[in-house]
J.: 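Right, I'll just put the structure down here and ask away after.
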Amino acid sequence: MRAPRDRRDSILSAVPVSPRDETRGLALVALSTLAYSVLPILGKLAYAAGVRPLPLLAWRYVIAAALIAFLERGPRPPLRERVRLWAIGSVFVVNSIAYFRALEEIPASVIALVLYTYPVLVLLLAAVVGVEPFTWRALLATLGAFGGCALTAGGAPAGAPLRLSGIAWALAAALVYASYIVLSSRFGAGVPARVLALHLAQAAAVLCVAFGLADGGLALPLDPRGLLAVAGIGVVSTVVAMTAFLAGMALIGPTRASVLSSLEVIVTLALAHVLLGERLTPRQWAGAALILGAVAFQSLGALRRAMIRPSGTTQ
């Protein structure tokens with residue numbers, strides 16, 4: 001029988017073993033939030049340089065898989081477990097495709113708002129598959145989040161309506177990402193975060209390369225801006241973002257990590273305004289407040305329970 005893995009290195013570790021570890025975990029999740037926040041900005045810059053979505057995704061995950069494999073040189077799990085992790089990773093590919101399709105059609109700021117319905121969706125899916133119980137709080141949070149999406153989708157200035165297909169792609173990305181998190185929680189329990197990240201990137205790289213080759217190849221325009229944007233997405237918004245979030249979550253737990261990562265929406269909105277000139281209408285700001293309020297409301301009870309748990313308790 002295999003020795004049990006260290007829970008502190010697992011994606012399901014929920015409490016730090018010391019105040020120092022807690023501070024480190026918070027810093028890692030904050031770093032991940034910043035790294036993820038630049039993803040839509042870099043994606044828009046890559047599109048402006050002529051990069052197509054599938055080659056962008058293929059190179060993103062090839063770069064990520066290579067770098068994480070270089071950093072993670074420990075023993076690999078048994079083949080059966082690796083196949084399960086690759087299967088979980090393949091679900092994430094659908095999220096990436098939906099996300100970058102949405103990025104082609106609607107502003108980066110709107111995508112960030114719509115995508116952040118996923119924490120509410122996580123709770124609903126978790127209740128369906130028996131990972132967590134369904135509560136009235138989840139229902140109210142769901143209504144608030146989708147009300148925020150409705151305001152966001154209907155708040156574009158006159159003469160420049162948001163494309164419904166772009167909103168649909170963004171919602172699909174949120175749903176698939178929520179499914180990925182629930183699957184990881186159920187079938188990736190006890191797996192070290194860096195090992196899960198490696199298999200996710202490997203599965204995504206294989207599938208995106210195959211899709212890209214079937215859709216015209218993986219060539220990138222010889223534009224320095226596009227090449228730098230793709231490299232930035234691979235290194236900053238994938239390797240740094242993914243590994244920092246999983247490592248931070250292993251120290252502070254998924255509840256506080258998810259609440260802290262909600263700041264990604266605010267950072268993306270600020271960057272989209274400064275770098276891309278995107279502006280939100282008052283209705284869309286109201287939608288933003290409603291989405292973030294729903295996410296915070298959904299997480300408040302669990303966050304309070306996590307904060308009052310004695311520091312020496314383990315799951």
J.: Partners of Leu222 by side-chain contact (heavy atoms from CB on, under 4.5 Å), sequence neighbours excluded?
T.: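 Not a single residue meets the side-chain contact (heavy atoms from CB on, under 4.5 Å) criterion with Leu222.
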J.: Using side chain to side chain contact (heavy atoms under 4.5 Å, CB included), reason through Glu72 and Thr243 one step at a time and then give a plain yes or no.
T.: CA-CA 11 Å; Glu72 171 50 46; Thr243 56; over 6 Å; no
J.: In the structure I gave you, are the side-chain heavy atoms of Val29 and Thr33 within less than 4.5 Å of one another anywhere?
T.: yes
J.: So how far is it from Ile41 CD1 to Leu103 CG, rounded to the nearest 0.5 Å?
T.: 8.5 Å
J.: Examine distances only and state if a side-chain atom of Arg52 and a backbone atom of Asp215 form a donor-acceptor pair shorter than 3.5 Å.
T.: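 Yes, the answer is positive, given that a donor and an acceptor are paired below the 3.5 Å cut-off.
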J.: Which distance, rounded to the nearest 0.5 Å, do you find between the SG of Cys208 and the CG of Leu56?
T.: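 Output value for this atom pair is 9.5 Å.
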J.: Would you say Leu71 and Arg194 make side-chain contact, with heavy atoms under 4.5 Å?
T.: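 Counting from C-beta outward, Leu71 and Arg194 never come under 4.5 Å.
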J.: Given 3.5 Å as the limit, does a donor-acceptor pair link the side chain of Thr238 with the main chain of Ala64, or not?
T.: no
J.: Which atoms form the tightest heavy-atom contact between Ile106 and Ala170, and what is the distance?
T.: CD1-CB, 4.3 Å
J.: Between atom CZ of Arg82 and atom NE2 of His199, what is the distance when rounded to the nearest 0.5 Å?
T.: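 Between atom CZ of Arg82 and atom NE2 of His199 there are 3.5 Å.
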J.: Within the 4.5 Å heavy-atom criterion, are Ser165 and Arg101 side-chain neighbours or not?
T.: no
J.: Counting distance only, does the side-chain N/O of Ser32 pair as donor-acceptor with the main-chain N or O of Leu28 below 3.5 Å?
T.: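 No.
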J.: So Tyr180 and Val176, do their side chains get closer than 4.5 Å, heavy atoms only?
T.: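 Val176 does not reach Tyr180 side chain to side chain.
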J.: Quick one: pull up CG in Leu67 and CG in Leu198 and give me the separation to the nearest 0.5 Å.
T.: 11.0 Å
J.: For residues Ala204 and Val93, report the shortest heavy-atom separation together with the two atoms involved.
T.: CA-CG2, 3.3 Å
J.: Using 30° and 60° as the class limits, which term best fits the ring planes of Phe100 and Tyr47: parallel, tilted or perpendicular?
T.: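 Phe100 vs Tyr47 ring planes: perpendicular.
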J.: Working note: Leu171 + Leu175, criterion side chain to side chain contact (heavy atoms under 4.5 Å, CB included); need CA distance, chi angles, decisive distance, verdict.
T.: CA-CA 6 Å; Leu171 284 171; Leu175 177 59; over 6 Å; no
J.: Might you point out which heavy atoms bring Gln202 and Trp86 nearest each other, and give the distance in Å?
T.: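 Nearest pair, atom of Gln202 first, then Trp86: OE1-NE1, 3.0 Å.
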J.: Would you say Val230 and Leu228 are hydrophobically clustered, going by side-chain heavy atoms of ILVMFWY under 4.5 Å?
T.: no
J.: Without swapping roles, check the side chain of Trp59 against the backbone of Leu218 for a donor-acceptor pair under 3.5 Å.
T.: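 Flag set: sc Trp59 to bb Leu218 pair under 3.5 Å.
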J.: Yes or no on side chain to side chain contact (heavy atoms under 4.5 Å, CB included) for Phe92 and Tyr177, after CA distance, side-chain angles and deciding distance?
T.: CA-CA 6 Å; Phe92 190 75; Tyr177 189 59; 3.3 Å; yes
J.: If you compare all heavy atoms of Ala229 against all heavy atoms of Leu42, which two are closest, and at what distance to 0.1 Å?
T.: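 It is CB-O, 3.6 Å.
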J.: Are Val236 and Met242 linked, directly or through other ILVMFWY residues, by side chains that come within less than 4.5 angstrom of each other?
T.: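 The answer is yes; both residues are in one hydrophobic cluster.
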J.: Measuring from Ser96:OG to Leu39:CG, what's the distance to the nearest 0.5 Å?
T.: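 The CG atom of Leu39 is 8.5 Å from OG of Ser96, to the nearest 0.5 Å.
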J.: Could you walk me through whether Val38 and Leu34 pass the side chain to side chain contact (heavy atoms under 4.5 Å, CB included) check?
T.: CA-CA 7 Å; Val38 301; Leu34 293 175; over 6 Å; no
J.: Is there a chain of hydrophobic side chains (I, L, V, M, F, W, Y, each step under 4.5 Å between heavy atoms) that links Leu213 to Val206?
T.: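 No; tracing contacts between hydrophobic side chains, which count when under 4.5 Å, never links both residues.
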J.: What's the spacing between Tyr99 OH and Glu104 CD if we round to 0.5 Å?
T.: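 Result: 12.5 Å between the selected atoms.
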J.: Provide the closest heavy-atom pair for Ala65 versus Ala205 in the form atom of the first, atom of the second, distance.
T.: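 In this case the closest contact between Ala65 and Ala205 is CB-CB, 4.5 Å.
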J.: Taking the side chain as everything from C-beta on, heavy atoms only, tell me whether Leu200 gets closer than 4.5 Å to Leu85.
T.: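 A side-chain contact under 4.5 Å is absent here.
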J.: For a quick test of reading the model, state the closest non-hydrogen atom pair linking Arg225 to Ala49 and the distance between them.
T.: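 Smallest interatomic distance, heavy atoms only, reads C-CB, 4.5 Å.
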J.: Out of curiosity, does Val83 fall in the hydrophobic cluster containing Val195 (side-chain heavy atoms, cut-off under 4.5 Å, transitive links)?
T.: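 Looking at the clustering, Val83 is in a separate group from Val195.
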